[in-house]
Q: 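My questions will all concern the structure given below.
Each chain gets a letter, A, B and so on, in the order the sequences are listed, and its residues count up from 1.
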Amino acid sequence: MKNIGLLLLCLVAITTHSFAQTTQANKTSLSFSIFNENFGLSPFPQGNPLHLGGTVAIAFTKKQNGIYRKVHHIELGYFKHESIFQAAYLAWKPQYEWQFHNGFQLHGITGLGYLHALPSQTTFVQNDGIYAAATNLGKPGGVASVGFGLGYQFGKNKETPVTLFARQEFLLIAPFAINESFPLGVNSLLKLGVALQLF
Amino acid sequence: MKITYFLFVLTIFFSLAACVKEPAIVVATVYDCENTLENTHPKSDLFDAFIKDRVVDGLPGMTMLIDSPEGFWAGAAGYADLPNQIPMQVCNISRIGSVTKTFTATLILQLVEAGQLELDDVMSQYLSPDLANKITNSDKITIQQLLDHTSGLADFFDNIQYSLDYFNNPSQPISAMEELRYIFNQPAKFEPGTQRKYTNINFVLLGIIAENITGKTGATLYQERIFQPLGMTNTFFKQDTNIPKAVVRGYSDEEGNKVLIDRTEMAFAHTSMAGGIVSNVIDLKKYMQAVVTQGGGLLNSAIVNDLNVVLPTPEKDATQSTKDYSFKNAGIGLGWFNLKGNTPDRNAIGHGGSMRGYQAFIAYFPATKTTLCYLVNGNDGQLDYLEDEMRGYELMALLFE
């Protein structure tokens with residue numbers, strides 16, 4: 001998977017020979033993505049089922065300098081990890097993006113936010129010596145993320161271009177959602193998404 | 001308008017997040033089983049009260065059996081299935097975890113008695129060269145060292161990749177070969193015979209060795225050599241993840257706060273001969289008594305007297321309890337723990353088992369000819385603590401005071 005990632009980066013670099021100089025400061029976009037989540041660093045461990053999740057994010061262009069721009073995302077995400085747990089998060093994610101003249105785009109993204117982990121099955125609590133199903137409000141936690149990705153912008157000369165992107169992200173979740181004896185969990189998210197420039 | 005739209009999306013997401021899988025509705029008859037045994041022990045009321053108290057303390061359900069010259073008692077408390085509030089019955093079946101290892105040890109010792117292998121043989125003699133080459137010290141580690149956990153092999157539980165795979169795909173069965181892959185070419189923890197450390201992989205290998213020598217599967221070996229001769233009609237070895245409906249549900253206190261979650265599926269992922277048997281306390285009593293009796297249907301030689309004889313190791317023995325329990329582990333012999341009571345006449349031979357959602361324990365006290373078996377359908381967190389306290393301190397008082 002690492003090799004494929006490097007190959008894609010090289011392809012983008014080779015095909016990119018001139019840079020766009022359009023001004024996109026103060027633009028706002030809305031993006032949606034679906035992703036597969038896993039524990040560990042591998043986005044698709046062999047033989048594992050898909051753990052699907054999704055995000056919706058609103059992004060504001062903060063800084064623009066030639067092909068480079070800095071974008072701030074406010075992202076809301078959700079995923080379900082088998083019968084183990086499910087989580088929803090809200091994160092601020094600054095993205096560092098290079099938008100090339102030929103439509104290709106490279107980006108790195110970091111993030112910090114709040115993650116709420118919930119069990120994905122009914123839980124039972126003892127009351128008067130008998131266990132009974134009980135509402136479980138889950139467990140609060142922090143989430144930090146780092147990722148990299150690439151994309152392609154369609155209709156770059158139009159007023160509201162559309163960008164398709166693929167991104168590999170890693171989440172650090174603390175405390176670990178399952179067992180308090182582990183202080184930290186590392187999750188891998190491979191995202192496919194679309195960003196729609198609104199205005 | 002933008003804010004309203006964003007709040008709408010936010011609401012949708014958190015509504016999704018609040019969805020949990022509801023437990024299946026199960027009719028109580030699924031757990032119906034036959035128990036024709038009569039309680040004759042004079043302390044039966046005390047024993048009944050004891051297990052009920054343990055459930056009030058926090059165990060979801062348990063079955064226990066005590067058989068001594070004074071009489072017989074078997075009881076159940078709590079629930080086999082929490083969401084459907086189905087009471088536990090004495091004859092209900094449950095995962096027995098590492099108590100399975102004693103069954104595998106019995107198979108190996110039967111092969112020793114039959115002259116098909118010797119305790120001093122090195123394990124590589126009974127493994128394919130391809131497999132033996134990937135296991136550190138396979139040409140040095142003896143069968144005895146696998147049985148008494150002095151092999152020095154790494155355990156698959158210690159491999160982070162194992163944990164990632166297990167939690168990424170919790171209902172996927174993990175075969176013996178897959179468990180072995182996690183220790184391929186892993187460095188030894190210590191030189192064989194120099195220390196003792198409880199290691200699951202020792203019994204994964206012993207299971208493979210028994211299968212290789214006999215040409216039969218573990219399920220067939222257990223059935224032909226142990227379950228059938230002893231009439232253990234409610235005991236079987238699971239090598240797939242289909243969960244029989246009659247198995248009591250297993251609950252885990254993952255957060256250590258007595259909030260339980262059903263982890264039956266995860267428990268059934270382990271299918272090796274280190275932990276794959278399902279049984280009940282009635283069958284386990286038959287087995288425990290047959291093991292310790294020479295000619296009792298399982299082992300015919302004087303080897304039964306050596307089952308829990310612990311050979312000293314020059315360095316550390318990590319199988320000995322470090323806590324000041326009144327009933328504690330004092331090392332492992334030929335697959336069986338040497339258990340020390342608070343007085344010498346309360347010493348025992350036995351083995352415990354713990355896996356996600358389940359705990360088990362069987363023991364025999366030779367001085368008083370007492371057999372004890374219990375099964376609990378919960379583990380982790382505070383449930384582990386409750387079981388430790390029960391076994392470590394309360395059992396001595398219950399049985400002997």
Q: Taking the side chain as every heavy atom from C-beta outward, state whether B:R263 and A:S83 have any pair of such atoms under 4.5 Å apart.
A: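 B:R263 reaches A:S83 side chain to side chain.
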Q: Looking at B:L260, B:D253, B:V55, B:L164, which has the largest count of heavy-atom pairs under 4.5 Å with chain A?
A: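 Top option by heavy-atom pairs under 4.5 Å: B:L260.
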Q: I'd like to check the ring-ring contact (aromatic ring centres under 6.0 Å, His included) partners of A:F124; sequence neighbours left out, ordered by chain and number.
A: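 A:F124 satisfies ring-ring contact (aromatic ring centres under 6.0 Å, His included) with B:Y251 only.
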Q: What is the distance from atom OH of B:Y166 to atom CZ of A:F39, rounded to the nearest 0.5 Å?
A: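 One gets 12.5 Å once the value is rounded to the nearest 0.5 Å.
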Q: With only heavy atoms counted, which part of A:L137 is less than 4.5 Å from chain B, the side chain, the backbone, both or neither?
A: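 Neither; nothing under 4.5 Å.
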Q: What part of B:Q85 gets within 4.5 angstrom of chain A, counting heavy atoms only: side chain, backbone, both, or neither?
A: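 Interface part for B:Q85: side chain.
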Q: Given a strict heavy-atom distance threshold of 4.5 Å, which part of A:D128 is in contact with chain B: side chain, backbone, both, or neither?
A: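 Interface part for A:D128: neither.
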Q: Among B:I261, B:D165, B:N169, B:N168, which residue has the highest count of heavy-atom pairs closer than 4.5 Å to chain A?
A: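 Option with the greatest count: B:N168.
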Q: Among A:G40, A:P49, A:S42, who wins on heavy-atom pairs under 4.5 Å with chain B?
A: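 The candidate making the most pairs under 4.5 Å is A:P49.
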Q: Report the C-alpha separation of A:I84 and B:M266 in whole Å, then their side-chain angles, then the decisive distance to 0.1 Å, and conclude whether the side-chain contact (heavy atoms from CB on, under 4.5 Å) test is met.
A: CA-CA 10 Å; A:I84 306 291; B:M266 290 184 82; 3.8 Å; yes
Q: A:F170: which residues meet the ring-ring contact (aromatic ring centres under 6.0 Å, His included) condition with it, sequence neighbours left out?
A: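 Expected list: none.
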Q: Might you confirm whether atom OH of B:Y385 has over 12 heavy atoms from other residues, nucleotides or ligands at distances under 6.0 Å?
A: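 Result for OH/B:Y385: open.
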Q: Is a side-chain N or O of A:Y131 found less than 3.5 angstrom from the main chain of B:G78, in a donor-acceptor match?
A: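 Side chain of A:Y131 to backbone of B:G78, a donor-acceptor pair under 3.5 Å: no, none is there.
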Q: Just by modelled atom types, is the B:D262 backbone N or O under 3.5 Å from a matching donor or acceptor in the A:Q121 side chain?
A: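 Flag set: sc A:Q121 to bb B:D262 pair under 3.5 Å.
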Q: Which atoms of B:N257 are under 4.5 Å from chain A, going by heavy atoms: the side chain, the backbone, both sets, or neither?
A: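 Neither part, no heavy atoms under 4.5 Å.
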Q: Should we say atom NZ of B:K258 is surrounded by more than 12 heavy atoms from elsewhere, each under 6.0 Å from it?
A: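 Count over threshold, so yes.
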Q: Measuring from A:E82:CD to B:F167:CZ, what's the distance to the nearest 0.5 Å?
A: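 So the CD of A:E82 and the CZ of B:F167 are separated by 12.5 Å.
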Q: Pick whichever of A:Q126, A:E37, A:H51 has the most heavy-atom pairs under 4.5 Å with chain B.
A: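 Result: the option with the highest number of such pairs is A:Q126.
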